[in-house]
Amino acid sequence: MHQDIVKVLYSKEEIEAHVRKMGAQIAKDYQGEDLILVAVLRGAVMFLADLARAIDGPIEMDFMAVSSYGSSAKSSGVVRIIKDLDTDIKGRNVLIAEDIVDSGLTLKYLLKNLASRQPKSLEVASLLIKEGVQQVNIDCKYPGLVVPNEFVVGYGLDYGERYRNLPYVGILDSTVYKK
Ligand code: PRP
């Protein structure tokens, strides 16, 4: 697994430090408020688990799963909800925890969908942002670490469902996916 990584972009320690800082800011911003953290399966699971523990305050967690319509649909931003929230978010503060903003289309769809349920507030925290590839403008209140436009895996991000359990984020050797 480690031998397939050509470069570590963010170490376990750097990620921990960033998540801790983000959690402290979120705890401050939502002090005395109710908060639901929403993660989109599966990539955001690691981030959500660590972010939740970095927030010193009462929070709830819920999950969604989405899927693109076909392979080209990812870039069209048309997604289908496979698993919806169990929580009614009307009048609640919602914070979406994403692992990465790439084109931004998944988040654009989610923000529109969740906003229609009339939450009290709706914001985004993303662990990573891919540099210079966003097709839409996403207002990310808690922005993440910048990664180059490369095949990035680890800390939740996969290639063929593998590498999600790497404790760091790194660039995958192109020979792995060009095989
Ligand atoms: C990834 C990631 C984001 C999305 C970002 O999910 O977790 O949800 O892509 O891409 P975008 O900004 O171009 O829309 P993916 O569909 O790979 O599923 P996964 O979380 O199960 O890995």
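Order of listing sets the numbers, starting from 1, for every ligand and every atom in it. Positions are given from 1, in the same order as the sequence printed here.
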Below 3.5 Å, can you tabulate the donor-acceptor pairs from side chains in residues 39-49 to any protein atom, sequence neighbours excluded?
unit_1: Arg42; atom_1: NH1; unit_2: Glu161; atom_2: OE1; d: 3.4

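- Ring geometry for Tyr159 versus Phe151: interplanar angle over 60°, hence perpendicular rather than tilted (30 to 60°).
- Of the N or O atoms in Gly104, one or more lie within a sub-3.5 Å distance of an N or O in ligand 1.
- Only the side chain of Glu98 comes within contact range of ligand 1, with a heavy atom under 4.0 Å; no backbone atom does.
- No more than 12 heavy-atom neighbours from other residues, nucleotides or ligands sit within 6.0 angstrom of CG on Asp56.
- Every pair passing salt bridge (Lys or Arg N to Asp or Glu O under 4.0 Å) that includes a residue from residues 126-143 is listed here, sequence neighbours excluded: Asp102-Lys130.
- For ligand 1, the atoms lying closer than 4.0 Å to a non-hydrogen atom of Leu105 are 12 (O), 14 (O).
- Numbered from 1 in the order shown, with element, the atoms of ligand 1 that lie under 4.0 Å from a heavy atom of Gly43 read 19 (P), 20 (O), 21 (O).
- Numbered from 1 in the order shown, with element, the atoms of ligand 1 that lie under 4.0 Å from a heavy atom of Asp158 read 22 (O).
- At a 4.0 Å heavy-atom cut-off, ligand 1 touches Leu41 through the backbone alone.
- Listed by number with element, the atoms of ligand 1 under 4.0 angstrom from any heavy atom of Arg42 are 19 (P), 20 (O), 21 (O).
- Ion pair Asp173/Lys7 not flagged as a salt bridge, since none of the NZ, NE, NH1 or NH2 atoms sits closer than 4.0 Å to an Asp/Glu carboxylate oxygen.
- Close approach to Ser103 involves these atoms of ligand 1, each under 4.0 Å from a residue heavy atom: 11 (P), 12 (O), 13 (O), 14 (O).
- A salt bridge links Lys120 with Glu33: the closest approach of a Lys/Arg side-chain nitrogen to an acidic carboxylate oxygen falls below 4.0 angstrom.
- Backbone and side-chain nitrogen or oxygen atoms of Ile100 are examined, and none is located within less than 3.5 angstrom of a nitrogen or oxygen of ligand 1.
- Close N/O approach between Glu161 and ligand 1 is not found [any backbone or side-chain N/O within under 3.5 Å].
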* Go through the steps to decide whether Asp29 and Tyr142 satisfy the test side-chain hydrogen bond (donor to acceptor under 3.5 Å, both in side chains), and finish with yes or no. => CA-CA 11 Å; Asp29 293 349; Tyr142 304 99; 2.6 Å; yes

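- With hydrogens and angles ignored, the 3.5 Å screen pairs a side-chain donor or acceptor of Ser11 with a backbone N or O of Glu14.
- Look at Lys108 and you'll find every heavy atom at least 4.0 Å from all atoms of ligand 1.
- Side-chain atoms of Lys108 never come within 3.5 Å of backbone atoms of Val136 as a donor-acceptor pair (strictly under, hydrogens ignored).
- With a heavy-atom cut-off of 4.0 Å, Thr106 touches ligand 1 through backbone and side chain alike.
- The proximity of Gln135 to ligand 1, defined as any non-hydrogen pair under 4.0 Å, does not occur for either the backbone or the side chain.
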